[in-house]
Participant: 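Take this structure, written in structure tokens, and hold onto it; I'll ask about it next.
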Amino acid sequence: MSSEYDVIVIGAGAVGENVADRAVQGGLTVALVEAELVGGECSYWACMPSKALLRSGEAVRAAQRVGGASAAVTGDLDVQAVLKRRDSFTSEWNDSGQVEWVQGAGIELVRGHAVFTGPRELRVTAESGAESILRARHAVVVCTGSTALLPDVPGLADAAPWTSREATSAQTIPARLTIVGGGVVAAEMATAYATLGAAVDLVSRGTLLAGQEPFAGEIVATSLEGLGVTLHLGHSPASVDRGADGVVRTTLDDGTVLEAEEILVATGRLPRTGDLGLEAIGLTPGDWLDTDDSLRVLGPDGKPFDGGWLYATGDVNHRALLTHQGKYQARAAGDAIAARAAGDEIHDAPWGRHAATADHRSVPQVTFTDPPVASVGLTAKAAEEAGLRTRVVDYEIGSVAGASVHSDGYTGTARMVVDEDRQVIVGVTFVGPDVQELLHSATVAVVGEVPLSRLWHAVPSYPTISEVWLRLLEGYGRQSA
């Protein structure tokens with residue numbers, strides 16, 4: 001069988017769904033191809049289940065930090081209730097609700113694994129073995145995401161290690177858990193599993209959250225130790241062995257041996273491009289797919305494919321491995337595909353409708369540890385490396401009246417990085433309870449390149465934690481005096 005559509009989207013995760021929806025809204029016919037669950041990684045093994053695992057413990061600790069409320073918190077966390085609530089967010093790993101949405105949006109869902117057989121052409125193999133050929137008139141969009149990187153450590157692969165998928169979908173909590181990695185997944189899962197009763201060892205060859213401002217990793221490290229996590233920073237696993245007794249023994253580079261029922265590896269991601277048949281269109285299987293700002297894939301010559309028919313959005317293009325950035329790219333790509341198909345003007349200059357400009361220096365991100373880390377734009381180090389003349393302003397969030405009302409003994413840090421030549425903010429980091437709700441204001445300031453002189457007129461309500469903005473601006477003014 002063969003079918004033809006205006007657009008074919010490979011991967012029905014949140015990113016692929018958004019590309020397909022925008023293209024359909026632009027008047028195009030779309031086939032959405034998925035080999036697993038419709039809704040993808042974010043819905044079933046990443047964003048939603050991980051945050052559900054974290055939320056119950058966070059809520060209990062938040063109440064414990066408020067006098068009067070703390071006396072009402074008695075007993076232990078109900079672990080089975082936490083897992084049951086997590087399961088509800090994944091719809092018990094049933095995608096029927098997502099399928100219903102796809103069909104209601106006018107998108108054709110094709111179940112199976114897609115492989116390129118040539119330009120604009122794919123062979124899709126269903127679970128039954130049945131094959132069909134799909135052809136695209138205007139565009140094919142690769143939205144296959146990424147998968148966990150397994151480092152080359154002797155014995156690790158044979159020890160049946162967990163990745164983020166197993167960690168977010170586990171039905172029981174191991175008594176002991178070894179986590180290898182120091183990034184977002186490692187820090188979040190250490191927080192979750194320690195809260196749920198596991199004895200956690202975290203091994204990282206560097207510092208925690210190394211891509212963030214240094215104080216963020218330091219605060220999170222102190223928090224994890226307070227939850228009972230044992231940190232092994234500056235170390236790496238030398239070997240791993242799962243014995244006949246089921247216990248995983250991890251030997252570190254200093255000879256320390258860690259024992260646990262499970263080992264979670266969270267050391268990075270790889271693109272899901274190894275089995276797409278990219279060689280049929282002149283690309284290398286297993287590579288990230290580089291794109292221009294309208295998300296067209298660049299060929300070996302650094303230019304879009306003839307006719308600009310191939311696009312890539314989400315993790316697979318390695319621009320910003322975050323669901324919200326992937327969905328942002330999806331909107332730009334879907335609209336660009338529809339516009340090009342209609343012969344309309346393309347607005348792909350910086351900050352244009354068809355350009356994912358924010359991917360470069362305006363990416364917001366929240367690490368849902370306790371306390372959370374919320375950041376957007378450049379760190380002080382990254383801004384300096386980018387050649388900007390900057391000024392950095394720090395402020396203790398707990399000194400804001402709204403923070404003291406929010407919780408007793410509130411502690412946290414805010415940092416603002418200013419481009420002195422343009423007098424605009426290029427980076428903001430908040431660390432402290434509930435700071436994730438401050439992040440969008442920072443994102444607007446960075447993306448909008450709002451001059452500091454105008455930000456003075458954005459008056460924060462009193463008493464809220466948002467008053468930290470006033471304190472940061474005051475701090476900048478004092479430095480200028």
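In what follows, every heavy atom counts, from backbone to side chain, and hydrogens, waters and symmetry copies are set aside. Here the structure is a predicted model, which is why all the values come from computation and not from measurement.
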Participant: Supply the atom-to-atom distance Ser407 OG to Arg61 CZ, rounded to the nearest 0.5 angstrom.
Facilitator: 13.0 Å
Participant: Is there a donor-acceptor contact under 3.5 Å linking the side chains of Glu396 and Thr411?
Facilitator: no
Participant: State the CE-CG distance between Met189 and Leu264, to the nearest 0.5 angstrom.
Facilitator: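 Taking CE in Met189 and CG in Leu264, the distance rounds to 8.0 Å.
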Participant: Distance from Glu41 atom CD to Ser164 atom OG, nearest 0.5 Å?
Facilitator: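 Going from CD on Glu41 over to OG on Ser164, the span is 5.5 Å.
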Participant: Does Glu474, at its CD atom, have more than 12 non-hydrogen atoms belonging to other residues, nucleotides or ligands within less than 6.0 Å?
Facilitator: yes
Participant: Using salt bridge (charged side-chain N to carboxylate O under 4.0 Å, His left out) as the criterion, list what pairs up with Arg249, not counting sequence neighbours.
Facilitator: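 Only Asp245, Glu259 meet the salt bridge (charged side-chain N to carboxylate O under 4.0 Å, His left out) criterion with Arg249.
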Participant: If you measure only the distance, is there a donor-acceptor pair under 3.5 Å linking the side chains of Glu188 and Thr367?
Facilitator: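 No pair is found: no donor N or O on one side chain lies under 3.5 Å from an acceptor on the other.
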Participant: May I ask you to check whether Thr313 and Arg319 show a side-chain donor-acceptor distance below 3.5 Å?
Facilitator: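 Absent: no donor and acceptor within the cut-off.
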Participant: With a cut-off of under 6.0 Å to the ring centre and 45° to the axis, is Arg415 in cation-pi contact with Phe430?
Facilitator: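 No, Arg415 does not lie over the aromatic ring of Phe430.
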Participant: For Trp469 and Ser441, which I'm curious about, is there any donor-acceptor pair between the side chains at under 3.5 Å?
Facilitator: yes
Participant: Walk me through it: do Ser375 and Gln212 pass the test side chain to side chain donor-acceptor pair (under 3.5 Å)?
Facilitator: CA-CA 8 Å; Ser375 64; Gln212 297 281 353; 3.0 Å; yes
Participant: Mind listing the side-chain donor-acceptor pairs of residues 225-236 below 3.5 Å, one per line with the distance, residues two or more places apart or on another chain?
Facilitator:
unit_1 : atom_1 : unit_2 : atom_2 : d
His232 : NE2    : Asp201 : OD1    : 2.8
His235 : ND1    : Asp253 : OD1    : 2.9

Participant: If you round to the nearest 0.5 Å, how far is CD of Glu36 from CD of Glu127?
Facilitator: 11.0 Å
